[in-house]
Amino acid sequence: IAASKKTAARVHTTTRSVTVATSDPTTGPASASDAATWEPQLARWLEPYIDLLGDARRKPWLPIYVRGLLSAAERKSLTPMASHLSRQDGIAAKANYHGLQQFMTYRAWSVAPMERLLAQQADMMLGGDDAVLIVDDTASKQQGKHSVGVAHQYCGEVGKLANCQSFVTLTLAKDEV
């Protein structure tokens with residue numbers, strides 16, 4: 001999925017950005033109350049990825065690991081995720097930690113087939129032949145020292161070096177170009 005600079009400039013003002021939210025912002029990501037809705041969908045979506053893992057011992061842990069990443073746990077390292085998941089599922093945190101540790105560290109697997117599958121699924125879900133994904137770096141002028149990423153750097157908003165935050169945006173354009 002690509003767009004030329006000319007196309008990107010033309011559609012930048014007419015497209016809408018795609019935002020994926022996992023939950024209500026007031027309750028945190030993927031609360032237990034809405035798990036009954038999204039977990040079956042997640043399991044179906046992960047099936048082809050599980051098949052690509054190869055090792056049967058690793059396969060049951062991919063959905064658990066992804067649930068941990070999507071959970072309301074503040075930190076996403078193994079110990080906090082295992083602890084959060086054990087409170088949610090009633091499974092001992094040590095068992096969750098050990099399983100997740102084995103999932104992450106037991107023999108490397110090839111990432112390339114998963115990346116290809118992810119690109120194919122993203123194209124089917126979001127794009128198609130007539131869609132483009134616009135990657136754009138943006139800078140916003142900032143005065144304070146407490147915002148993340150504020151530095152003296154080139155800021156397109158003012159056209160010179162200034163204190164600003166830089167970030168990257170992704171915009172999906174389809175049927176609007």
So, do [X] and [Y] sit near enough that their side-chain heavy atoms are less than 4.5 Å apart?
X: L170; Y: I134; value: no
X: Y65; Y: M104; value: yes
X: Y49; Y: L118; value: yes
X: F167; Y: S140; value: yes
X: C155; Y: Q142; value: no
X: N96; Y: W61; value: yes
X: V132; Y: L172; value: no
X: D136; Y: V168; value: no

**Request:** Quick one: do I64 and L85 satisfy side-chain contact (heavy atoms from CB on, under 4.5 Å)? Show the steps, please.
**Result:** CA-CA 8 Å; I64 295 168; L85 290 170; 3.7 Å; yes
**Asked** For the hydrophobic clusters of this structure (ILVMFWY residues joined by side-chain heavy atoms under 4.5 Å, transitively), does one cluster hold both V158 and V150?
**Response** no
**Cluster overlap Y154 with V135, hydrophobic side-chain contacts below 4.5 Å** = no
**Request:** Let me see the working for F103 and R57 under side-chain contact (heavy atoms from CB on, under 4.5 Å), right down to the final yes or no.
**Result:** CA-CA 8 Å; F103 171 74; R57 293 173 287 187; over 6 Å; no
Between atom [atom1] of [X] and atom [atom2] of [Y], what is the distance when rounded to the nearest 0.5 Å?
X: E74; Y: H84; atom1: CD; atom2: NE2; result: 11.0 Å
X: R116; Y: S110; atom1: CZ; atom2: OG; result: 7.0 Å
X: D137; Y: T169; atom1: CG; atom2: OG1; result: 8.0 Å
X: L46; Y: K59; atom1: CG; atom2: NZ; result: 13.0 Å
X: L62; Y: L100; atom1: CG; atom2: CG; result: 10.5 Å

Using a 3.5 Å distance criterion without hydrogens, assess whether the side chain of [X] forms a donor-acceptor pair with backbone atoms of [Y].
X: Q153; Y: N163; result: no
X: K76; Y: L69; result: yes
X: S86; Y: A82; result: yes

Minimum heavy-atom distance [X]-[Y], with the two atoms named:
X: P63; Y: I50; answer: CG-CD1, 3.7 Å
X: E157; Y: A139; answer: OE1-O, 3.7 Å
X: L117; Y: P48; answer: CD2-CB, 3.5 Å
X: L78; Y: Q101; answer: CD1-OE1, 3.3 Å

**Asked** Are Y97 and Q102 close enough that a side-chain donor and a side-chain acceptor fall under 3.5 Å?
**Response** no
**Message:** Run the side-chain hydrogen bond (donor to acceptor under 3.5 Å, both in side chains) test on R67 and S71 for me, step by step, so that the C-alpha distance in whole Å, both residues' side-chain angles and the decisive distance to 0.1 Å come before the verdict.
**Reply:** CA-CA 6 Å; R67 275 185 44 228; S71 74; over 6 Å; no
